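Because the structure is a prediction, the values reported are computed rather than measured. Order of the sequence lines fixes the chain letters, A, B, ..., with proteins taken first and strands second; residue numbering starts at 1 for each chain. Hydrogens, waters and symmetry mates play no part in the numbers below; they use all other heavy atoms, side chains included.
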2 protein chains.
Amino acid sequence: MVAKVFVSAQEVADRAGVSRSAVSRTFTPGASVSPETRARVMEAADALGYHVNHLARGLMRNESGIICLIASDVATPYRSALLRELTLQLQQGGKVAMLINTDRSDGSVDRALRQAIRYRADASIILSGLPDKSIAQLCLRSGQRLVLINRDDDQPGPLRINLDDHEAAGRVATAFVRAGCRRLAFANSEAGTPSLMAREEGFVAAATALGLAVTVERFGWTGYEAGKVLAQRLLTRRERPDAVFCATDLLACGFMDAARQQFSLTIPDQLCIAGFDDIEQASWSSYNLTTFSQPIREIASRAVEWLGAPIPEDHSPRRDSLRLKADLVWRGSIRGG
Amino acid sequence: MVAKVFVSAQEVADRAGVSRSAVSRTFTPGASVSPETRARVMEAADALGYHVNHLARGLMRNESGIICLIASDVATPYRSALLRELTLQLQQGGKVAMLINTDRSDGSVDRALRQAIRYRADASIILSGLPDKSIAQLCLRSGQRLVLINRDDDQPGPLRINLDDHEAAGRVATAFVRAGCRRLAFANSEAGTPSLMAREEGFVAAATALGLAVTVERFGWTGYEAGKVLAQRLLTRRERPDAVFCATDLLACGFMDAARQQFSLTIPDQLCIAGFDDIEQASWSSYNLTTFSQPIREIASRAVEWLGAPIPEDHSPRRDSLRLKADLVWRGSIRGG
DNA sequence: TTGTAGGCGTTATCAG
DNA sequence: CTGATAACGCCTACAA
């Protein structure tokens, strides 16, 4: 007993005294089998421990049931929450998720996509980075669907799901001003992804419209530690900001900790803070952060729904670009909520 | 253009003017192909966008390259960190991870395992729950390897990776006593998993040996909110504890927040706290939590390494149970670190 | 080194 | 409703 021996449909057929086809039909939803045959097959299958080989089925049907999830920083609160929701809904839709980690290096996403092709994934959902045009085209040409979440790319074919980052950021500016803040700042990472930049630009634009300047600082990667450094930089300025919009909740957490512990500032009395993502920690009472909630549920359901829908024959005018709304979650880090 | 049309080896062969076998060999490491042929094949493959079909390859080789990761609560800091490491190391080993979410309902793990069988996964790594004996046996019989992480189960066959929860918990008791604490408490969830219970028992046993009693409280699931409730319960006791070991960092975070904000206690002066897992938030300066680090890297590498090793022919005396050490990470939540 | 033939487990097709 | 047969795309002898 060394080799891998899964039981095949033939063995089930032999035991049940029917043909392979009968077995196949028994496990194909909506096929015509007599209740009697089905019962005998099921009994034999159970006894033998038979399970349909999805590798072979995928080969025949040209549909593997595999969906590739391509992402970096999968252990991050926001990412992991999104992945959780995606895998969950994919499962409920009868699909199975293949998770591929990318890093921020060049070609990382392309390699992942190639892996997706090798396993004949029905679709790939990209949460980080951006694939090269040629490889993306290859996916599309091969009949693989593509979903891009929060990545701005305008080549046709993939479904693009984005948030209204720009507008959302504008609403924060208004909230700050209403709270009596005048010295606005934006804390960003150096990642420079479209959604991050859209938040920055939206915030600056809205503030400008309100007649206020914004101090912008960018540092490192989008994490807790970077938030601390950003606080260091922004709070030591001569004109110390009285309101800071952090591009990300993780940045905000680091920023708040530094502001309180190194600068002895009280929030929101001396300093108002807002974040983005509504990660779980934002609701922890140490932070109690006012932030924007990513509509994770909806992002996932829209993606899964789109994947399940039939491919339009004639490049129909279906909207393949979704713009979802991020709701402001009022907590205690801005005065007068 | 509706159907899914991936390019096949035959097409590459036609274009390169060679046989299918030549193409196959070109993509099989260690096969004998002349550099000339290989070059022509590669050129054709690149031009056509050919990628080996791993579904078909798996069918032939009886080895899909797929490893199933079975877990619940995948968005939790500890879980997501472990998943990250596993997927990463699996990728580096040329495998690909299939992620299956389970919930805490009965049969959830069994369903996941059946999915693993359907996709002919080479192995399944279980991070949550416990499979039914019969389905686990079926996996093993089918040649699928099984790895259980932090789940106590004694049926032979799977690789079991556990921590020295019991001993580790004992070390915390000593640390508390050394810090001058006398009124010890243990905050646990009601999940009752073996590792959680081992921590509880280890802590109580060590405290008893030191001549101290332990107040044990259990509530809810292993999360932040439960930690707050546990604080509520433990800190309102007449004999208020001066040291609390929380079964999990997440519990500890909730506990600390409640202790500080609702009971105005300072840590570690009035209350010492310890946790377990060393999640990222434990190092955030709001918590600065003394805790045990899960050797995530090693857990993953041991699992992957074991999966890569050949199956012993004769039920050889290979150790299929690993007991890894959790190191105490000293931070500021216990006096006198 | 190369090509040919057969088979992996499944489903789709088509008689019966 | 059932059973035989031909694919699906690939790999592994085997012979050239």
Side-chain angles (χ1 to χ4, degrees), chain A residues 3-42 44-45 48-66 117-122 142-144, chain B residues 3-42 44-45 48-66 117-122 142-144:
Chain A
K4 193 185 302 195
V5 189
F6 288 95
V7 20
S8 75
Q10 182 63 66
E11 301 176 55
V12 177
D14 289 349
R15 179 173 176 125
V18 297
S19 71
R20 282 171 269 182
S21 321
V23 178
S24 174
R25 278 190 281 266
T26 301
F27 289 96
T28 302
S32 57
V33 206
S34 72
E36 196 182 347
T37 311
R38 145 169 269 115
R40 298 185 52 180
V41 169
M42 287 306 283
L48 261 36
Y50 169 75
H51 291 266
V52 176
N53 185 337
H54 272 50
L55 265 40
R57 170 179 278 185
L59 209 54
M60 266 308 295
R61 290 211 183 148
N62 228 347
E63 187 177 1
S64 62
I66 297 174
I117 294 179
R118 281 195 282 269
Y119 278 98
R120 298 302 188 259
D122 296 336
S142 306
Q144 194 182 80
Chain B
K4 193 184 303 194
V5 189
F6 289 93
V7 20
S8 74
Q10 181 63 67
E11 301 175 55
V12 178
D14 289 348
R15 176 169 179 130
V18 298
S19 72
R20 283 166 269 183
S21 335
V23 178
S24 175
R25 279 190 279 265
T26 301
F27 289 96
T28 302
S32 59
V33 204
S34 72
E36 195 182 347
T37 312
R38 144 170 269 114
R40 299 184 51 179
V41 169
M42 288 306 280
L48 261 37
Y50 169 76
H51 291 266
V52 176
N53 185 337
H54 272 50
L55 265 40
R57 170 177 277 185
L59 211 53
M60 267 308 297
R61 290 210 183 148
N62 230 345
E63 186 176 2
S64 62
I66 297 174
I117 293 179
R118 281 194 283 267
Y119 278 96
R120 298 304 189 256
D122 296 337
S142 306
Q144 196 182 79

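- Not one N or O on the side chain of B:E63 forms a donor-acceptor pair closer than 3.5 Å with the backbone of B:D122.
- Considering all non-hydrogen atoms of both residues, B:Y119 and A:S64 come closest at OH-O, 2.6 Å.
- In this structure, the CD atom of A:E36 is 11 Å from the C1' atom of D:dC1, given to the nearest Å.
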Anything under 3.5 Å between a donor and an acceptor, one on a side chain of residues 11-18 of chain B, the other on a protein residue two or more places apart or in another chain? List them.
unit_1: B:E11; atom_1: OE2; unit_2: B:S8; atom_2: N; d: 3.2
unit_1: B:D14; atom_1: OD1; unit_2: B:Q10; atom_2: NE2; d: 2.9

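- A:T28 meets the side-chain hydrogen bond (donor to acceptor under 3.5 Å, both in side chains) test with no other residue; sequence neighbours excluded.
- The shortest non-hydrogen separation linking A:F27 to A:R57 is O-NH2, 3.1 Å.
- Panel note: side chain A:R61, backbone A:G58; no donor-acceptor pair is recorded below 3.5 Å.
- Comparing the helix axis at one end of the helix from C:dT1-D:dA16 to C:dG16-D:dC1 with that at the other, each defined from 5 consecutive pairs, gives an inter-axis angle of 40° (nearest 10°).
- Under the rule for a side-chain hydrogen bond (donor to acceptor under 3.5 Å, both in side chains), the partners of B:R118 that lie at least two apart in sequence or sit in another chain are B:Q115.
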Task: B/S/- contact track for nucleotides 6-16 of chain D, protein heavy atom under 4.0 Å - done: -BBBBBS----

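- OP1 or OP2 of C:dT1 sits under 4.0 Å from a side-chain N or O of B:S32.
- The side-chain hydrogen bond (donor to acceptor under 3.5 Å, both in side chains) check on A:R40 picks up nothing, with sequence neighbours excluded.
- Between the P atom of D:dT2 and the CZ atom of A:R38 lies a distance of 10 Å, rounded to the nearest Å.
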